[in-house]
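Per chain, numbering begins at 1; letters A, B, ... match sequence-line order. Only this structure's heavy atoms are used, side chains among them; waters, hydrogens and symmetry mates stay out.
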Amino acid sequence: MEPTRDVETRDFIRRFVAEDLAAGKNECRVHTRWPPEPNGYIHIGHGMSILLSYSIAQEFGGKFNLRFDDTNPVAEETEFVEAIQRDVAWLGANWEDRLFFASGYFEQLYQWAEHLIREGKAYVCDLTAEQISEYRGTAVRDGDRMVTPPGNDSPFRNRSVEENLDLFHRMRAGEFPDGSKTLRAKIDMMHPNLNMRDPVLYRILHVDHHRTGSTWCIYPTYDWTHGQSDAIEGITHSLCTLEFENHRPLYDWFLDNLPVPHRPRQIEFGAVGISYTVMSKRYLKQLVAGHYVSGWDDPRLPTVAGLRRRGVTPEAIQAFVKGIGVTKSEGMIEMAYLEHHIRQDLNKASARVMAVLNPLKVVITNYDEGTSEALEAVNNPEDPSAGVRSVPFSRELYIEREDFMEDPPKKFYRLSPGSEVRLRYAYFIRCEDVIKDEDGNILELHCTYDPATRGGDAPDGRKVKATLHWVSAPDALQIETRLYDHLFSVENPLSPPDGKTWLDTLNPESLEVRSNCWIEPSVADAAIGSRFQFERLGYFCLDADSTPEKLVFNRTATLRDSWLKAQQKAD
RNA sequence: UAGGGCGUAGCCAAGCGGCAAGGCAGCGGCCUUUGGCGCCGUGAUCGAAGGUUCGAAUCCUUCCGCCCUAACCA
């Protein structure tokens with residue numbers, strides 16, 4: 001393969017890859033991978049690394065693997081293996097036929113462990129987890145400061161090759177109970193990097209694995225598995241987040257001391273968070289397990305499944321990720337930045353439709369009772385090819401309650417007593433009368449329309465300041481809408497205000513369900529997952545909870561609302 | 001404490017010794033049959049202090065702040 005030219009080297013990783021290519025490394029191949037542990041659903045932070053590894057492979061004409069890092073059977077499940085594949089594919093990363101499992105390399109890893117033992121570079125250790133920690137020189141608290149004692153060799157460090165081989169075989173054979181022995185690399189107990197102080201390679205776990213069943217009772221650790229898996233698959237650039245930077249010397253040590261078929265390179269980048277949400281599996285798990293949300297795919301969650309259900313497109317996520325860039329600094333992206341890319345994509349791609357979420361009845365008193373007509377509406381002003389549709393109009397309509405004010409402030413140019421507005425694609429109407437109940441609550445509006453303004457233009461050239469969306473009451477479908485807001489009420493829930501926990505910062509108004517909403521009939525047969533822009537309101541997506549009798553829409557994002565903003569400023 | 005990493009406008013981010021890109025947010029305006037979209041305008045001397053240099057965000061020194069690791073998790 002020729003080194004790829006003209007690739008945009010817009011970040012330090014692409015620069016490294018380009019340099020490696022220019023230097024003729026890896027037979028001029030580029031091959032990346034994404035290595036999830038199947039112990040939960042993936043979130044948009046994972047999405048960033050998936051898309052980073054995948055797009056680099058794409059740009060350099062290389063390949064991309066999906067490999068499950070399934071070395072800890074205690075936490076891993078097939079359900080997650082399936083969910084992760086679904087989510088990675090949906091995001092747009094294509095591993096073609098290269099779906100792998102680290103568990104598929106268990107036998108090879110075992111052979112390489114024996115190799116290390118024979119070389120005198122690994123030994124079976126009988127220390128307990130706690131003792132290993134002590135011998136390693138784990139930092140201890142001394143008053144208000146931490147002290148790091150030096151490391152000490154394990155008393156089992158100098159067992160003979162024969163004894164180690166024998167014990168290791170018997171570990172595999174199941175002769176020893178969980179936790180009683182480990183296989184450790186013999187590196188350097190004085191090494192400044194604690195990862196190099198004789199790391200554990202194998203631990204005993206009499207637990208069934210979701211793929212290998214009861215074949216094994218010893219399982220390799222992450223460090224012992226990762227680089228070798230990369231080597232087996234011919235991975236050239238192994239991208240991971242910054243917390244693994246400390247592990248790179250160990251990653252390299254294994255590759256240097258084993259007869260591996262290939263030499264991959266690990267490169268670390270900074271992961272970013274998003275404001276008003278949490279992004280670690282641990283916290284997401286708690287939210288799901290504690291029923292703070294409806295499940296892994298709750299539309300308020302930053303999980304890929306949640307974003308998908310909410311109506312976010314993969315294209316929006318791809319643009320978002322590309323927009324953030326890649327660096328070694330770990331930042332906090334504002335949720336507004338994600339929302340911007342969601343709107344940007346949906347604005348171009350989604351069909352417009354009219355729906356009323358907080359209905360106020362309007363009677364057009366000079367429109368003939370019992371008649372109706374079909375008006376033509378544009379499906380997407382951003383995309384002429386989306387065509388037009390017809391929308392029924394009749395004597396009784398619903399408009400948004402927020403679009404009428406009896407006693408309007410200065411810059412309110414929607415409907416008010418005596419004022420004239422345009423109903424989108426329909427007519428100009430004027431409010432003649434406000435009908436109230438005994439308590440003064442507004443029940444309905446009586447308006448007149450101007451037949452000459454059909455379609456929304458006045459032949460006499462008179463202007464109107466506002467255009468309102470509406471639906472025809474007898475024709476509209478009643479729907480449920482689910483209006484979402486930030487899951488948390490603070491930017492960073494993980495550093496909550498004094499005396500509060502992160503769960504205390506959950507936003508009690510993150511979900512508002514409205515059951516009395518109305519929508520034009522054109523959406524009656526829309527497929528689950530269809531996305532629309534409800535004119536003047538926001539982007540909505542047809543939820544899987546919908547039935548033919550009752551459609552349910554999730555609000556993906558609101559439209560920007562400068563009137564709302566101006567009002568909030570006035571308050 | 002040890003080892004590693006980061007520090008350019010509210011957020012993200014270019015820049016790699018020669019007058020500090022861009023995007024998001026904010027603000028002001030234009031346009032408008034979505035108070036949407038689009039368009040125009042608007043902000044920083046680069047964590048701090050020293051030093052090298054004709055010239056430093058970019059090189060050196062010291063300091064400060066934040067993050068990660070110190071599991072037989074990944």
Side-chain angles (χ1 to χ4, degrees), chain A residues 10-11 35-37 39 69-72 74-76 125 127-129 132-133 136-142 145-150 178-184 191-197 199-205 218-219 221-223 225-226 240-249 268 270 272 275 281 323-341 343-344 347-348 352 354 377-378 381-382 411-414 422-426 428 453 455-457 464-469 491 533-538 558-566:
Chain A
R10 61 176 187 273
D11 56 67
E37 183 189 16
N39 67 346
D69 218 331
D70 54 349
T71 58
N72 182 9
V74 177
E76 296 152 8
C125 181
L127 256 25
T128 65
I132 286 178
S133 182
R136 186 132 56 203
T138 297
V140 290
R141 192 159 282 288
D142 174 25
R145 55 172 44 195
M146 298 282 270
V147 175
T148 307
D178 287 3
S180 60
K181 283 180 168 45
T182 57
L183 182 75
R184 301 176 68 182
H191 197 105
N193 183 336
L194 292 249
N195 288 128
M196 300 296 273
R197 320 248 262 224
V200 171
L201 273 34
Y202 278 93
R203 67 293 208 179
I204 299 171
L205 284 174
I218 56 173
Y219 289 94
T221 56
Y222 164 84
D223 285 311
T225 307
H226 204 87
C240 61
T241 44
L242 244 32
E243 71 262 34
F244 293 104
E245 197 156 27
N246 290 334
H247 294 245
R248 179 149 38 93
E268 312 82 13
V272 300
S275 62
K281 249 188 239 179
I324 292 168
V326 190
T327 67
K328 294 196 73 166
S329 69
E330 300 174 296
M332 169 87 84
I333 307 289
E334 290 175 342
M335 183 63 95
Y337 193 60
L338 209 209
E339 288 169 352
H340 165 260
H341 287 286
R343 292 193 185 102
Q344 185 98 346
N347 175 52
K348 281 180 296 182
R352 277 98 283 203
M354 291 196 285
V378 172
E382 304 289 324
K411 292 213 173 143
F412 183 87
Y413 42 84
R414 272 110 98 145
R422 172 170 36 235
L423 293 183
R424 181 147 231 231
Y425 301 124
F428 285 12
T453 58
D457 281 310
V464 99
K465 284 282 275 182
T467 300
L468 309 187
H469 61 276
E491 283 194 19
Q533 183 198 97
F534 290 4
E535 294 227 25
R536 302 211 303 137
L537 296 173
T558 61
L559 250 31
R560 294 190 58 169
D561 189 341
S562 55
W563 167 243
L564 211 206
K565 202 182 289 176

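Residue contacts shown for A:Phe412 include a base, since a base heavy atom lies under 4.0 Å away. At the heavy-atom level, A:Arg560 lies under 4.0 Å from the strands shown only through sugar-phosphate atoms. Using a 4.0 Å heavy-atom distance criterion, A:Lys348 is classed as making no nucleic acid contact. Across all strands shown, A:Tyr413 has heavy atoms under 4.0 Å from base atoms, whether or not it also approaches the sugar-phosphate.
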Protein-nucleic acid N or O pairs under 3.5 Å, nucleotides 70-74 of chain B:
{"from": "B:A70", "atom 1": "O2'", "to": "A:Thr138", "atom 2": "OG1", "distance (Å)": "3.3"}
{"from": "B:A71", "atom 1": "OP2", "to": "A:Ser133", "atom 2": "OG", "distance (Å)": "3.4"}
{"from": "B:C72", "atom 1": "OP2", "to": "A:Arg136", "atom 2": "NH2", "distance (Å)": "2.4"}
{"from": "B:C72", "atom 1": "N3", "to": "A:Gly179", "atom 2": "O", "distance (Å)": "3.4"}
{"from": "B:C72", "atom 1": "N4", "to": "A:Leu127", "atom 2": "O", "distance (Å)": "3.0"}
{"from": "B:C72", "atom 1": "N4", "to": "A:Ala129", "atom 2": "N", "distance (Å)": "3.1"}
{"from": "B:C72", "atom 1": "N4", "to": "A:Gly179", "atom 2": "O", "distance (Å)": "2.9"}
{"from": "B:C73", "atom 1": "OP2", "to": "A:Arg203", "atom 2": "NE", "distance (Å)": "2.7"}
{"from": "B:C73", "atom 1": "OP2", "to": "A:Arg203", "atom 2": "NH2", "distance (Å)": "2.6"}
{"from": "B:C73", "atom 1": "O3'", "to": "A:Arg203", "atom 2": "NH2", "distance (Å)": "3.3"}
{"from": "B:C73", "atom 1": "O2'", "to": "A:Asn72", "atom 2": "ND2", "distance (Å)": "3.2"}
{"from": "B:A74", "atom 1": "OP1", "to": "A:Thr71", "atom 2": "OG1", "distance (Å)": "2.6"}
{"from": "B:A74", "atom 1": "OP1", "to": "A:Arg203", "atom 2": "NH1", "distance (Å)": "3.2"}
{"from": "B:A74", "atom 1": "OP1", "to": "A:Arg203", "atom 2": "NH2", "distance (Å)": "3.0"}
{"from": "B:A74", "atom 1": "OP2", "to": "A:Tyr222", "atom 2": "N", "distance (Å)": "2.9"}
{"from": "B:A74", "atom 1": "O3'", "to": "A:Asp69", "atom 2": "OD2", "distance (Å)": "3.3"}
{"from": "B:A74", "atom 1": "N6", "to": "A:His247", "atom 2": "NE2", "distance (Å)": "3.2"}

Collect all protein-nucleotide pairs involving nucleotides 5-13 of chain B in which both atoms are nitrogen or oxygen and the distance is under 3.5 Å.
{"from": "B:G10", "atom 1": "N2", "to": "A:Glu334", "atom 2": "OE1", "distance (Å)": "3.0"}
{"from": "B:C11", "atom 1": "O4'", "to": "A:Glu334", "atom 2": "OE2", "distance (Å)": "3.0"}
{"from": "B:C11", "atom 1": "O3'", "to": "A:Met332", "atom 2": "O", "distance (Å)": "3.1"}
{"from": "B:C11", "atom 1": "O2'", "to": "A:Met332", "atom 2": "O", "distance (Å)": "2.9"}
{"from": "B:C12", "atom 1": "OP1", "to": "A:Met332", "atom 2": "N", "distance (Å)": "3.2"}
{"from": "B:C12", "atom 1": "O2'", "to": "A:Ile324", "atom 2": "O", "distance (Å)": "2.9"}
{"from": "B:A13", "atom 1": "OP1", "to": "A:Thr327", "atom 2": "OG1", "distance (Å)": "2.7"}
{"from": "B:A13", "atom 1": "OP2", "to": "A:Ser329", "atom 2": "OG", "distance (Å)": "3.4"}

Requested in this report: Give the intermediate values and the outcome of side-chain contact (heavy atoms from CB on, under 4.5 Å) for residues A:Lys328 and A:Asp11.
Outcome: CA-CA 10 Å; A:Lys328 294 196 73 166; A:Asp11 56 67; over 6 Å; no

Requested in this report: Please step through side-chain contact (heavy atoms from CB on, under 4.5 Å) for the pair A:Arg352 and A:Glu382, ending with a clear verdict.
Outcome: CA-CA 10 Å; A:Arg352 277 98 283 203; A:Glu382 304 289 324; 4.2 Å; yes

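Comparing the C1' positions of B:U62 and B:C68 gives a spacing of 24 Å, expressed to the nearest Å. The separation of B:G5 from B:G10, taken at their C1' atoms, amounts to 24 Å, rounded to a whole angstrom. Taking atom P in both B:A56 and B:A20, the straight-line distance is 11 Å, to the nearest Å.
Between A:Lys465 and B:U32 there is no side-chain polar atom (N or O) within less than 4.0 angstrom of OP1 or OP2.
When the side-chain hydrogen bond (donor to acceptor under 3.5 Å, both in side chains) test is applied to A:Thr467, the partners found at least two apart in sequence or on another chain are A:Arg422. Residues that satisfy the ring pair (Phe, Tyr, Trp, His ring centres under 6.0 Å) test with A:Phe534, not counting sequence neighbours, are A:Phe540, A:Phe553. Under the ring pair (Phe, Tyr, Trp, His ring centres under 6.0 Å) criterion, A:Tyr222 pairs with A:His226, A:Phe244, not counting sequence neighbours.
A residue-by-residue look at A:Arg197 and A:Gln533 shows that A:Arg197 has its nearest nucleotide of RNA chain B further toward the 5' end.
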Report task. Quick one, give me the B/S/- string for nucleotides 40-46 of chain B, reading 5' to 3', where B means a protein heavy atom under 4.0 Å from the base and S means that only happens at the primed atoms, P, OP1 or OP2. Result -> -------

